[in-house]
Asker: 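What follows is a structure written as structure tokens; I'll ask about it next.
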Amino acid sequence: SFQTLPLDITVQCQPEFVFFNKGTYSGPYNKPDSRKEAINFGKINETGLTQHFEIHNWGTAPLAVKNVNVPAGFSAVYPATEEGAEAVAAGAVTVPSKERQAVDIVLSATEAGTYEGNLEVVYVDASGADATFTLPVKAVMLDPSKWYASFDNGTSTGSWPAGSVHQSGV
């Protein structure tokens, strides 16, 4: 004879916030870590340079992102997902379970200077409380009216400034 025993199973669905570089792999058993290194644009003289990231909800419930804040000289946008559409300022968004929300950090400064501060993503954690993910962001904008030879890692276009004369094959 079989005996039936009561079974009490509680399943808790909760969001899990992760912030990383766009395209970072995360499989069903490979929970990624959030990026820990500062976002550094380096020394540049081009405005509008963009670095691409993603907010990933590795959890089993929707993740409510309340706001994405960046320091002066930068902007945060959700890139356009359809052809012909425009990027929109990053703000409140709900990221479904196991999905990602692209977010671009754009250097919007137009004057020479050092721009730095913190990227802050405010979201609602599993307990229902506001939580903040913080990451330093920095750029040094050189005089945009001058052209500098770039010997960096390829983050600038390397093109000659408009109106300049140069000789090729020399």
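A quick note: this is a predicted structure, and the numbers were derived from the prediction, not measured.
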Asker: Can you tell me if N67 uses its side chain to pair, donor with acceptor, with the backbone of N69 under 3.5 Å?
Answerer: no
Asker: Taking transitive links into account, so neighbours of neighbours count too, which hydrophobic residues share a cluster with Y25 at under 4.5 Å side-chain distance?
Answerer: none
Asker: Does any non-hydrogen side-chain atom of V122 lie less than 4.5 Å from one of V65?
Answerer: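 They are not in side-chain contact.
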Asker: Please evaluate residues H56 and F19 with respect to the criterion ring pair (Phe, Tyr, Trp, His ring centres under 6.0 Å), reporting the C-alpha separation (whole Å), side-chain torsions for both, the decisive distance (0.1 Å), and the verdict.
Answerer: CA-CA 6 Å; H56 179 54; F19 182 89; over 10 Å; no
Asker: When clusters are formed by joining ILVMFWY residues with side-chain heavy atoms under 4.5 Å apart, either directly or through shared neighbours, do V95 and F20 land in the same one?
Answerer: no
Asker: Measure across S26 and R100 and return the closest heavy-atom pair with its distance rounded to 0.1 Å.
Answerer: OG-NH2, 3.2 Å
Asker: Is it possible for you to say whether F53 and V88 belong to one hydrophobic cluster, with membership spreading through side-chain heavy-atom contacts below 4.5 Å?
Answerer: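 Yes, same cluster.
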Asker: Answer yes or no: is there a donor N or O on one side and an acceptor on the other, between the side chain of Y78 and the main chain of G91, under 3.5 Å?
Answerer: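 Such a contact is found between Y78 side chain and G91 backbone.
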Asker: I need the minimum non-hydrogen distance between V68 and A76, along with the two atoms involved.
Answerer: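 Looking at all heavy atoms of both residues, the shortest contact is CG1-CB, 3.7 Å.
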Asker: Going only through I, L, V, M, F, W and Y residues with side-chain contacts under 4.5 Å, is there a path from L119 to V18?
Answerer: no
Asker: Is the distance between the ring centroids of Y123 and F133 under 6.0 Å?
Answerer: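 No, ring centres 6.0 Å or more apart.
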Asker: Restricting to non-hydrogen atoms, name the atom on S75 and the atom on S108 that form the minimum distance, rounded to 0.1 Å.
Answerer: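 In this case the closest contact between S75 and S108 is N-OG, 3.8 Å.
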Asker: Identify the heavy atoms of M141 and N45 that sit nearest to each other, and give their distance.
Answerer: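 Smallest interatomic distance, heavy atoms only, reads SD-CA, 3.7 Å.
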Asker: Quick check: do P32 and W58 have side-chain heavy atoms less than 4.5 Å from each other?
Answerer: yes
Asker: Could you give the distance from CG (D33) to OG1 (T24), rounded to the nearest 0.5 Å?
Answerer: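 Going from the CG atom of D33 to the OG1 atom of T24 covers 10.5 Å.
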Asker: Indicate the atoms forming the closest heavy-atom contact of R35 with I39, along with that distance.
Answerer: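 Minimum heavy-atom separation between R35 and I39: NH2-CA, 3.8 Å.
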Asker: Working to the nearest 0.5 angstrom, can you tell me the gap between S34 OG and F17 CZ?
Answerer: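 Taking OG in S34 and CZ in F17, the distance rounds to 5.5 Å.
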Asker: In sequence, state the C-alpha distance, the side-chain angles, and the governing distance for F74 and F41, and then conclude on ring pair (Phe, Tyr, Trp, His ring centres under 6.0 Å).
Answerer: CA-CA 11 Å; F74 298 92; F41 283 80; 5.7 Å; yes
Asker: Roughly how far, to the nearest 0.5 Å, is the OG1 atom of T94 from the NZ atom of K66?
Answerer: 11.5 Å
Asker: Using every non-hydrogen atom in the two residues, find where V124 and P15 come nearest and quote the distance to one decimal.
Answerer: O-CG, 4.0 Å
Asker: Looking at side-chain heavy atoms only, is the closest gap between T50 and I105 below 4.5 Å?
Answerer: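 Result no, sub-4.5 Å side-chain heavy-atom pair not found.
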Asker: Check for a donor-acceptor pair, side chain of N57 on one end and backbone N or O of G59 on the other, with a separation under 3.5 Å.
Answerer: yes
Asker: Just verifying a value: how many Å separate T114 OG1 and K43 NZ, rounded to the nearest 0.5 Å?
Answerer: 9.0 Å
Asker: What's the separation between atom CG in D125 and atom CD in Q14, rounded to the nearest 0.5 Å?
Answerer: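 Atom-to-atom, D125:CG and Q14:CD are 9.0 Å apart.
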Asker: With the side chain counted from C-beta on, respond yes when V103 and V77 share a heavy-atom pair under 4.5 Å apart, and no when they do not.
Answerer: no
Asker: Without swapping roles, check the side chain of E54 against the backbone of G23 for a donor-acceptor pair under 3.5 Å.
Answerer: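 Side chain of E54 to backbone of G23, a donor-acceptor pair under 3.5 Å: yes, one is there.
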Asker: To the nearest 0.5 Å, what is the distance between CG (L107) and NZ (K138)?
Answerer: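 Going from the CG atom of L107 to the NZ atom of K138 covers 13.0 Å.
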Asker: Counting only heavy atoms not in K98 (residues, nucleotides, ligands), do more than 12 fall under 6.0 Å from its NZ?
Answerer: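 Atom NZ in K98 is crowded, with more than 12 foreign heavy atoms closer than 6.0 Å.
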Asker: Could you tell me whether a side-chain N or O of N118 sits under 3.5 Å from a main-chain N or O of E120, the two making a donor and an acceptor?
Answerer: no
Asker: Side chains of I55 and L63, heavy atoms from C-beta outward: is any pair under 4.5 Å?
Answerer: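 Yes; the side chains approach each other to less than 4.5 Å.
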